[in-house]
Amino acid sequence: MMTISFLLRSCLCSAVRSLPKAALIRNTSSMTEGLQPASVVVLPRSLAPAFESFCQGNRGPLPLLGQSEAVKTLPQLSAVPDIRTICPQLQKYKFGTCTGILTSLEEHSEQLKEMVTFIIDCSFSIEEALEQAGIPRRDLTGPSHAGAYKTTVPCATIAGFCCPLVVTMRPIPKDKLERLLQVTHAVGGQQGQPIHIGDPDLLGIEALSKPDYGSYVECQPEDVPVFWPSPLTSLEAVISCKAPLAFASPPGCTVMVPKDTVSSASCLTPEMVPEVHAISKDPLHYSIVSAPAAQKVRELESTIAVDPGNRGIGHLLLKDELLQAALSLSHARSVLVTTGFPTHFNHEPPEETDGPPGAIALAAFLQALGKETAMVVDQRALNLHMRIVEDAIRQGVLKTPIPILTYQGRSMEDARAFLCKDGDPKSPRFDHLVAIERAGRAADGNYYNARKMNIKHLVDPIDDIFLAAQKIPGISSTGVGDGGNELGMGKVKAAVKKHIRNGDVIACDVEADFAVIAGVSNWGGYALACALYILNSCQVHERYLRRATGPSRRAGEQSWIQALPSVAKHCDVTCLLL
C-alpha cells in the first residue's frame, strides 16, 4: 500500500496512551519499528462528541485510537516520506465536498483552534495475514492501493453522521478460506474478521472491477471475494456531516503513531476459532461460526437422528445439513414456513400432529429474531392452522399473529408470482423457505403416505413454490422429514428409494437446498430453533451478522433471548437445549 509516514508526538501520544489497552489492536511486524499506521480526521469541536460516538457505534471500520486538540496536534506532524512515493498529507472538505489536497495547514491556523483531531487505527494488515496463511497475493490492475467499495450497508447513524459502510476486498482461493480466517482473527482480533464472504451484490456492490477508491484486485476462477470493513468509511462520514471545514487522510495514505501504545498480539481462544460454511451457491454466500458453536449444532443433529420407528433414516443423513440450514436462516430476512401431511385421510382433520408444532416453534424463534415470518398451508386446512396460531399466541409461544397464506396455483408462473413482487425474480418476498413434515410430490406427480396411499386430493401444489425458488437467486430452502416422502427430501431420494420401505414409490422428487433428517419431524423444527439460539449466542457468528447487515438486524436482540425457553415450555424441546 502506498503510504506517507507522519510522526505524531507529545499531545497525541498522551491521548493515545490514555485509551484502554483492551480497545487497541495489535500492530503488524511489517510496520516501521516503534510506529503503527493510522488515519486522521479533523472536525469542528462542535461535532467531536457526535463523531466519537459514531466511531464507538461503528468499531469495525472505525477503531478509534484517540483524539486531541487539532491546534496542538497537527503542527507537530513532521513528514517522513515513504521511499516508494510521496503522497499529499490531508484532503480538505467544505460542506461535504473535497476541495483540494493540502501539504500544509498553516493558512488554517485560526480555524484549527476550534477543531479536534481523531486518530483511527489502520494497523490490521490483510497482506500480512495473507502471507502468514500462505496465500499468494493477487495483482492490482492499477498503480494505486487495493480497491475499496461503498456498500448499501448502513453504518449506525449518530447525529449528522449517516453514511454507508466502505469495504475492501481480497480474492481468496476457496480451499484457503478457513485458514485465512484463523490467521486474520489471530492477527487482527475483531478488526481482522471479515464482514462478508461471497457475492459482492449482497453488499450492493455492482462491479468489483470498478472500486470507489483505489485499484481492482484481480480474481482467479477458484477465488472467493472476501470483504473487510475499511477505515475509508471515515471519508464518507466526513462527507455526510457536511461540516463547513474538515480534513482527512487521503485514500492509501496513513500517519504513524507510537507502537508502544498498542496491546500485544491477540490470542485466538478455542471459543473464537472460526469455521467457514457455504450457505448459498446463487448468489455465492459463506457464513462463519465458532468451532464450539458448530459442534453444539452437530450434537443436536445427532440427537434428533434417533430412529424410534426403525425406518432406516440413518441412511438419509447428510453431515452438517442442520448447521448449514440454520446458518442460512440466520442470514435470512423473510422466511416462509409450510407444514401439513394429511396421512389420516379418513379422519377430519386428516393432518397428523407431527409438523405443525415444529413449524410453530421455528416461527416463534424467527419472529423473536425480528425476521418477517409467514406460513403457507393447504386451503382446506386454513382454519385449522389459524386456530393453532391463535392457541400459540394465548400460550405465549408466539408474541403476535403470523400471516397464514394458501397457494393453489397451476403453473411455475403462478408460483413465481407468489414468491416475487410483481413476479420479478429480482424482488423476492422471501429469502428462505422451510418445509416441516409437509407432504412431498413423488416422481409420478402424486403424494403418498408411508403405506403408499395416494393423498393427492388433499394436498395443494406448494411443491411448485419450492421448484420455482430453485431458479430465483437469493431464495434458499430447507426440508425437514422423517421418512423420505416429505417436501424437500428429493435431495436424498436415491437413499430413500434404496433404504426406506416403499421408497421406490413414495420418495419425494422435489429437493431443498438443505435436508434435515429427524426421527420425528417436529424434532427437526425444534432443532432449527435451538440451532438459531446457539448461533445467535455465538460471538463470532453474531458479530459477522451485525457487521454485514448493519444495525437494523438487531431489532429483535432482547426478545430472542427469552424466546427459546418459551418455545421449550410448550413444545417439549427442553431435552435439546443442552
Side-chain angles (χ1 to χ4, degrees), residues 1-4 25 28 37-41 54-55 58-64 82 85 87-88 90-91 93 96 98 101 118-130 137-156 161-172 180 184 188 190-219 223-240 246-255 547-550:
M1 179 177 74
M2 297 189 298
T3 64
I4 184 169
I25 306 300
T28 57
S39 62
V40 171
V41 172
F54 181 76
C55 291
N58 297 280
R59 288 189 178 92
L62 302 173
L64 188 61
D82 186 281
T85 183
C87 294
L90 292 172
Q91 290 185 157
Y93 290 85
C98 181
I101 301 176
F118 291 87
I119 308 300
I120 298 169
D121 186 8
C122 298
S123 62
F124 171 62
S125 169
I126 299 175
E127 277 63 38
E128 179 182 351
L130 291 172
R137 302 182 190 181
R138 302 305 187 207
D139 294 331
L140 290 172
T141 57
S144 185
H145 58 91
Y149 305 83
K150 289 187 280 189
T151 71
T152 56
V153 178
C155 289
F161 295 96
C162 176
C163 70
L165 174 69
V166 177
V167 297
T168 186
M169 186 278 296
R170 299 295 187 279
I172 306 298
L180 174 71
T184 57
Q190 292 187 22
Q191 201 176 347
Q193 180 171 313
I195 69 148
H196 176 62
I197 305 171
D199 194 326
D201 189 57
L202 293 174
L203 296 177
I205 300 171
E206 295 183 358
L208 284 178
S209 60
K210 298 179 180 179
D212 296 288
Y213 301 96
S215 300
Y216 167 54
V217 182
E218 289 188 307
C219 292
D223 287 344
V224 176
V226 181
F227 299 85
W228 285 266
S230 169
L232 291 177
T233 302
S234 63
L235 298 185
E236 296 299 316
V238 169
I239 292 170
S240 74
F247 305 95
S249 297
C253 298
T254 58
V255 301
R547 295 171 80 181
T549 57

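It should be emphasised that the depicted structure is a prediction, and the values quoted were computed from it without experimental measurement.
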Student: In a table with atom names and distances, give each donor-acceptor pair under 3.5 Å that connects a side chain of residues 229-240 to protein atoms at least two apart or in another chain.
Tutor:
{"residue": "Ser230", "atom": "OG", "partner": "Leu232", "partner atom": "N", "Å": "3.0"}
{"residue": "Thr233", "atom": "OG1", "partner": "Val166", "partner atom": "N", "Å": "3.1"}
{"residue": "Thr233", "atom": "OG1", "partner": "Val166", "partner atom": "O", "Å": "3.4"}
{"residue": "Thr233", "atom": "OG1", "partner": "Ser230", "partner atom": "O", "Å": "2.8"}
{"residue": "Ser234", "atom": "OG", "partner": "Pro231", "partner atom": "O", "Å": "2.8"}
{"residue": "Glu236", "atom": "OE2", "partner": "Tyr213", "partner atom": "OH", "Å": "2.5"}
{"residue": "Ser240", "atom": "OG", "partner": "Cys162", "partner atom": "N", "Å": "3.2"}
{"residue": "Ser240", "atom": "OG", "partner": "Ala237", "partner atom": "O", "Å": "2.8"}

Student: Between Val40 and Phe118, is there a side-chain heavy-atom distance shorter than 4.5 Å?
Tutor: no
Student: Report yes if the side chains of Thr151 and Phe227 come closer than 4.5 Å at any heavy-atom pair, otherwise no.
Tutor: no
Student: Donor-acceptor pair, Ser249 side chain versus Ser39 backbone, under 3.5 Å?
Tutor: no
Student: Using atom types as modelled and distance alone, determine if a side-chain donor or acceptor of Asn58 lies under 3.5 Å from a backbone N or O of Ala156.
Tutor: yes
Student: Calculate, to the nearest 0.5 Å, the distance between atoms SG and NZ belonging to Cys163 and Lys150 respectively.
Tutor: 10.0 Å
Student: Hey, are the side chains of Asp223 and Arg138 touching, using non-hydrogen atoms and a 4.5 Å cut-off?
Tutor: yes
Student: What pair of heavy atoms forms the shortest contact from Ala129 to Thr184, and how long is it?
Tutor: CB-CG2, 3.6 Å
Student: Could you grab the distance from atom CD1 of Ile119 to atom OG1 of Thr254, nearest 0.5 Å is fine?
Tutor: 11.0 Å
Student: Flag the pair His145 / Ser215 as yes when at least one side-chain heavy-atom distance between them is below 4.5 Å, and no otherwise.
Tutor: no
Student: Please test Leu64 against Asp121 for side chain to side chain contact (heavy atoms under 4.5 Å, CB included), starting from the C-alpha separation and ending with a verdict.
Tutor: CA-CA 6 Å; Leu64 188 61; Asp121 186 8; over 6 Å; no
Student: Distance only, no hydrogens: is a donor on one side chain within 3.5 Å (strictly under) of an acceptor on the other, for Glu218 and Tyr216?
Tutor: no
Student: Are side-chain heavy atoms of Arg170 and Trp228 found at a separation under 4.5 Å?
Tutor: yes
Student: For residues 196-210, which side-chain N or O atoms pair as donor and acceptor with protein atoms under 3.5 Å away, sequence neighbours left out?
Tutor:
{"residue": "His196", "atom": "NE2", "partner": "Asp199", "partner atom": "O", "Å": "2.8"}
{"residue": "Asp199", "atom": "OD1", "partner": "Asp201", "partner atom": "N", "Å": "2.8"}

Student: Only counting residues at least two apart or in another chain, list the ones meeting ring pair (Phe, Tyr, Trp, His ring centres under 6.0 Å) with Phe54.
Tutor: Phe161
Student: Please tell me if the side chains of Val224 and Pro171 come closer than 4.5 Å, counting only heavy atoms from C-beta onward.
Tutor: no
Student: Do Pro63 and Ile120 come within less than 4.5 Å of each other through their side chains, counting heavy atoms only?
Tutor: yes
